[in-house]
Amino acid sequence: MPEQHDVVDVLTADHHVVRNLFEGYRATTDPDQRRQLVDRITVEVVRHSVAEETYLYPTVRKALPNGDRIADEEIEELTEAERILSDLDAVDPRDRRFDPLVRDLMDVVAMHIRGEEDLVFPELRERLTPEERMMLGLRVGEATAAAQGVPPVSPEGPGPGRTLADRVRERLTGRTR
């Protein structure tokens, strides 16, 4: 059973994890390590996306002024991040296209994080009770627990058109995007 924490704290911790993985990527030139880091980033970003789509954004739509617009913009950024991750899944880290794709991913994720930490999270702290934020944090924590142990490569391979992002999303939701 996941521990109960404020949803803002849980999601901010997710952001720190992804930032640290990007720092690890920047710190190495080893192609195998870079692939491993991108695979871990994929699992983290997709898990985070599913948790937010399922629990956070329905609340944002109801609780925040312009909640629909805000949720749609944040979901659009996460969709773009997953598209880039799917592209990366098909590119060898030694390929000259790999680093530019990772930089594009870093830009999209940074924009998403800024939007949440600068706009969404302060609004949630103001408009939701601590109990509501704790309940949301519990739900997001459950999504984290469900993503544990998702293998980067399935024993039978990815399958036609099935990227790591697809497999993580399918494990968490029962469907791909």
Side-chain angles (χ1 to χ4, degrees), residues 1-19 21-22 38-89 101 104-129 131-152 158 161-177:
M1 181 79 172
E3 289 186 42
Q4 197 167 2
H5 296 284
D6 185 307
V7 69
V8 172
D9 297 334
V10 172
L11 295 174
T12 299
D14 284 355
H15 295 168
H16 288 295
V17 167
V18 172
R19 283 182 182 124
L21 290 168
F22 281 135
V38 167
D39 287 350
R40 287 199 50 218
I41 290 165
T42 300
V43 171
E44 291 298 322
V45 167
V46 174
R47 180 198 50 75
H48 183 85
S49 295
V50 168
E52 289 188 340
E53 290 164 11
T54 304
Y55 303 111
L56 179 69
Y57 294 129
T59 301
V60 165
R61 288 179 190 286
K62 292 176 189 170
L64 271 59
N66 298 314
D68 285 331
R69 180 187 55 76
I70 292 166
D72 290 344
E73 288 173 3
E74 295 297 323
I75 290 169
E76 185 177 317
E77 289 169 357
L78 292 170
T79 300
E80 176 65 8
E82 285 190 45
R83 184 198 61 74
I84 296 167
L85 287 164
S86 292
D87 290 348
L88 278 164
D89 205 50
L101 281 170
D104 290 346
L105 177 65
M106 288 177 183
D107 291 345
V108 169
V109 169
M111 186 170 29
H112 172 74
I113 288 172
R114 273 192 312 275
E116 285 189 341
E117 292 183 359
D118 294 348
L119 173 70
V120 177
F121 294 169
E123 287 282 331
L124 287 176
R125 285 196 192 270
E126 183 179 312
R127 296 177 183 281
L128 298 181
T129 66
E131 294 78 18
E132 289 169 323
R133 292 193 316 269
M134 295 294 274
M135 185 54 66
L136 273 175
L138 180 63
R139 298 293 172 248
V140 170
E142 289 169 351
T144 298
Q148 297 304 316
V150 176
R162 291 189 70 232
T163 65
L164 176 56
D166 294 333
R167 292 192 309 276
V168 173
R169 181 168 283 281
E170 187 174 310
R171 179 167 181 156
L172 294 172
T173 66
R175 66 188 189 289
T176 58
R177 194 170 266 216

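We use all heavy atoms of the structure for the numbers below, so side chains are in, but hydrogens, waters and symmetry mates are not. Starting from 1, each residue takes its place in the sequence as its number.
Shortest non-hydrogen contact noted between P58 and E53 is CD-O, 3.4 Å.
Annotation: side chain of V109 is in contact with side chain of F22 (closest heavy-atom distance under 4.5 Å). At a threshold of 4.5 Å between non-hydrogen side-chain atoms, the residues E132 and L136 do not count as touching. With contacts defined as side-chain heavy-atom distances shorter than 4.5 Å, the pair I113/R19 qualifies. Proximity of T79 to R83: side-chain heavy atoms (C-beta onward) are nowhere separated by under 4.5 Å. In this structure the side chain of R114 reaches within 4.5 angstrom of the side chain of M111, judged on heavy atoms. At least one side-chain heavy atom of E116 sits under 4.5 Å from a side-chain heavy atom of L56. Within the 4.5 Å cutoff, side-chain heavy atoms of D6 are placed close to those of R125. Side chains of V38 and L101 form no contact here, defined as non-hydrogen atoms less than 4.5 Å apart.
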Listed pairs under 3.5 Å, donor-acceptor, residues 62-69 side chains, sequence neighbours left out:
residue: D68; atom: OD1; partner: R61; partner atom: NH1; Å: 3.2
residue: R69; atom: NH1; partner: E73; partner atom: OE1; Å: 3.3
residue: R69; atom: NH1; partner: E73; partner atom: OE2; Å: 3.2

Task: Intermediate values then yes/no, side-chain contact (heavy atoms from CB on, under 4.5 Å), R139 and V7 - done: CA-CA 9 Å; R139 298 293 172 248; V7 69; over 6 Å; no

Open item on the list: side-chain contact (heavy atoms from CB on, under 4.5 Å), that's the test. Do V18 and D14 meet it? Break it down for me.
Closed with: CA-CA 6 Å; V18 172; D14 284 355; 5.8 Å; no

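Between atom OG1 of residue T163 and atom CG of residue D166 there is a gap of 3.5 Å, rounded to the nearest 0.5 Å. The distance from atom CG of L105 to atom CD of E82, rounded to the nearest 0.5 Å, is 10.5 Å. To the nearest 0.5 Å, atoms CD1 (I70) and CG (L119) are separated by 4.5 Å. Interatomic distance, L128 CG to E123 CD, rounded to the nearest 0.5 Å: 10.0 Å. L85 contributes atom CG, which lies 4.0 Å from atom OG1 of T42 (distance to the nearest 0.5 angstrom). Note: E52 CD to H112 NE2 = 4.0 Å, rounded to the nearest 0.5 Å.
Salt bridge present: E44 and R47 bring a charged side-chain N and a carboxylate O closer than 4.0 Å. Ion pair D9/R133 not flagged as a salt bridge, since none of the NZ, NE, NH1 or NH2 atoms sits closer than 4.0 Å to an Asp/Glu carboxylate oxygen.
At most 12 non-hydrogen atoms from other residues, nucleotides or ligands lie less than 6.0 angstrom from CD of E76.
Every residue two or more places apart in sequence or in another chain was checked for a salt bridge (Lys or Arg N to Asp or Glu O under 4.0 Å) with R40, and none qualifies.
Using cut-offs of 30° and 60° on the angle between ring planes, the pair F121 and H15 is parallel.
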